[in-house]
2 protein chains.
Amino acid sequence: MTKYIKQTRILVAVDCIIFGFDGYDLKLLLIKRGFDPEKDKWSLMGGFVQSDENPEDAASRVLKQLTGLKNVYMEQMLVFGEPERDPIERTVSITYFALVDIKKYEKQLSDDYRAEWFSLKRVPKLIFDHDQMVDHAKQKLRYKAALHPILFELLPEKFTIPQIMTLYEQVYDVELDKRNFTRKLRSTELLIKQIDKDKENSKKGAFYYKLDKTTYKEKFTKFLNFVSNP
Amino acid sequence: MTKYIKQTRILVAVDCIIFGFDGYDLKLLLIKRGFDPEKDKWSLMGGFVQSDENPEDAASRVLKQLTGLKNVYMEQMLVFGEPERDPIERTVSITYFALVDIKKYEKQLSDDYRAEWFSLKRVPKLIFDHDQMVDHAKQKLRYKAALHPILFELLPEKFTIPQIMTLYEQVYDVELDKRNFTRKLRSTELLIKQIDKDKENSKKGAFYYKLDKTTYKEKFTKFLNFVSNP
DNA sequence: AAATTAAATGTTATTTTGACACGAACAACC
DNA sequence: GGTTGTTCGTGTCAAAATAACATTTAATTT
């Protein structure tokens, strides 16, 4: 047996939903397309899976190309495969959900597109079914972050408790209680208090913390219940 | 613009991981292949996505073909896309996770394969990366069932509390406390007590329950915490 | 020295969880 | 017709987790 006969071969693409956090707002990295199809419109960053490449590698490649970053937290999300979703030619798109430290992001200049961070509150209309992809990614972010410490992937190496709290508040669009939230965080034993403070946002300053990498790995897949009903 | 040039078109398949429950054991539906490649070996049921079909429809079609069932609980799972995973020709497989009421299953006779239910404790070696797919599906089942009432999809319309409990015990391979488990179940308000009893498994008989469809839909996406740390 | 601002922390009531034991229903048996 | 055996169904109490709530502290600004 050499080939599967009479079957349709389809283009397989990856699209990345890339989240960042600037300390105030949750952000999404989009590109203004300098190429067809849908030239001059906003879209997610994507690319075709190459013949020698698995989809994960394709997604990492695309992400690296856009952000300059490697080893980013990434997770496979839904496949979008409506026959007519790309009017040029049938394409099945595997979506990936990525969380990056926005401070490590380095704009990669390209003639093909222009990248920009958008507040999640003000996302422009996107091409094809990319809006749906973003909606789904938001849902997934809320779901996972309620249970697992993934939001730390959005923060720099050193961060403060008020920063994490703001992040959670942005993700869930709620106000949290400082005392209860801090207690919950402490109970996870994920944080190591530093001796220095962040003086950017207050006179008193807020202590920096770092992630305890060991506990982080150990507890990552456990249910930590950061938010009880998202 | 008419086509994407110089890109690789790839076969796109779906593979279904189909779970069932016979009252005692959690089961997996597999086929003995009567066709190439890997003729006479066990595998998941799958098929190629057709040119006019989206992947969900392909999965439903494949499932219907094997079980005779429509409107089955199904969820997209991981995509498996290693370039060499199928030695005949590169194929990207989208996996689907399905939960069926084993009593509604009707064997569909076919010359191409022979279907059989296997206890999850005794799954044979499968072709390609299908073992990995099954492992992943088991994990996913545990994860989701800990939070959401998906296991009811495995039960007949009328079921008893001891039956549900056995099911949870099988899924998590633990012994549960009858009193605590019942309390938890009752607190979800998902069940409606029937007047008749199941006398199959005891002299006293156990009351039948049905799902309250309305609450079920309402609460399906909420965190119900059936099992605290799977 | 006083005023201002955000950070840090503690207490109490409520809810949820986990551990544990006994009476009720019914068929089978003598 | 009463006794026995088996599974079903429920209640209590202690511990842990959560939600609601106010005050003190550190450091800059005036």
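Letters A, B, ... are given to chains in the order of the sequence lines, protein chains preceding strands, and every chain is numbered from 1.
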(request) Mark yes when over 12 heavy atoms from residues, nucleotides or ligands other than A:Asn71 sit less than 6.0 Å from its CG; otherwise mark no. (result) no

A:Phe207 CZ to D:dA26 P, in whole Å, measures 9 Å

Contacts of B:Pro162 and A:Asn225 projected onto DNA chain D by closest heavy atom; the upstream (5') one is B:Pro162

**Message:** Does D:dA19 have OP1 or OP2 under 4.0 Å away from a side-chain N or O of A:Ser228?
**Reply:** yes

Between CG of B:Asn201 and C1' of D:dG5 the distance, given in whole Å, is 16 Å

Atom OH of B:Tyr208 and atom P of D:dC8 are separated, to the nearest Å, by 12 Å

Rounded to whole Å, the NZ-P distance (A:Lys178 to D:dA19) equals 18 Å

Exercise. Check whether more than 12 heavy atoms from other residues, nucleotides or ligands sit under 6.0 Å from atom NZ of B:Lys41, and answer yes or no.
Key: no

Of the listed D:dG9, D:dT12, D:dT29, the closest approach to the A:Lys203 side chain comes from D:dT29

| request: Start with the C-alpha distance between B:Asp177 and B:Arg179, add both sets of side-chain angles, then the distance that settles salt bridge (Lys or Arg N to Asp or Glu O under 4.0 Å), and finish with yes or no. | output: CA-CA 6 Å; B:Asp177 182 277; B:Arg179 293 154 290 188; 3.0 Å; yes

- Task: Take the angle between the ring planes of B:Phe80 and B:His136 and call it parallel below 30°, perpendicular above 60°, tilted in between.
- Result: perpendicular

Looking only at heavy atoms, the pair that brings B:Leu66 and B:Ala115 closest together is CD1-CB, 3.8 Å

Test ring pair (Phe, Tyr, Trp, His ring centres under 6.0 Å), reference A:Phe152, set A:Tyr73, A:Tyr209, A:Phe220, A:Phe159, output is A:Phe159

Would you mind classifying the nucleic acid contact of A:Asp177 as base, sugar-phosphate or nothing, using non-hydrogen atoms under 4.0 angstrom? base

Outermost contacting nts on DNA chain C, any atom under 4.0 Å from chain A heavy atoms, listed 5' then 3', are C:dT4 to C:dG10

When we call it a touch if two heavy atoms are under 4.0 Å apart, what does A:Lys199 touch: a base, just sugar-phosphate, or nothing?
sugar-phosphate

The answer to which of B:Lys197 and B:Leu224 contacts DNA chain C further toward the 5' end, by nearest nucleotide, is B:Leu224

- Query: Is the distance between the ring centroids of A:His148 and B:Tyr143 under 6.0 Å?
  - Reply: yes

Considering only heavy side-chain atoms of A:Arg179, the closest of D:dG9, D:dT10, D:dA22 is D:dA22

A:Met74 and A:Ala59 have their tightest heavy-atom pair at CE-CB, 3.5 Å

_Keeping A:Lys210 on the side-chain end and A:Glu157 on the backbone end, is there a donor-acceptor pair under 3.5 Å?_
no

Value for CG (B:Leu29) from CG (B:Leu44), rounded to nearest 0.5 Å, stands at 9.5 Å

From CD of A:Glu175 across to C1' of D:dA19 the rounded distance in Å is 16 Å

B:Asn180 atom CG is separated from D:dG11 atom C1', nearest whole Å, by 11 Å

Rounded to whole Å, the NZ-C1' distance (A:Lys184 to D:dA16) equals 11 Å

Whole-Å distance, B:Lys193 NZ to D:dT10 C1', equals 10 Å

Dot-bracket assigned to DNA chain C with the 3.5 Å Watson-Crick/G-U criterion, [ ] for crossing and | for other-strand pairs, is ||||||||||||||||||||||||||||||

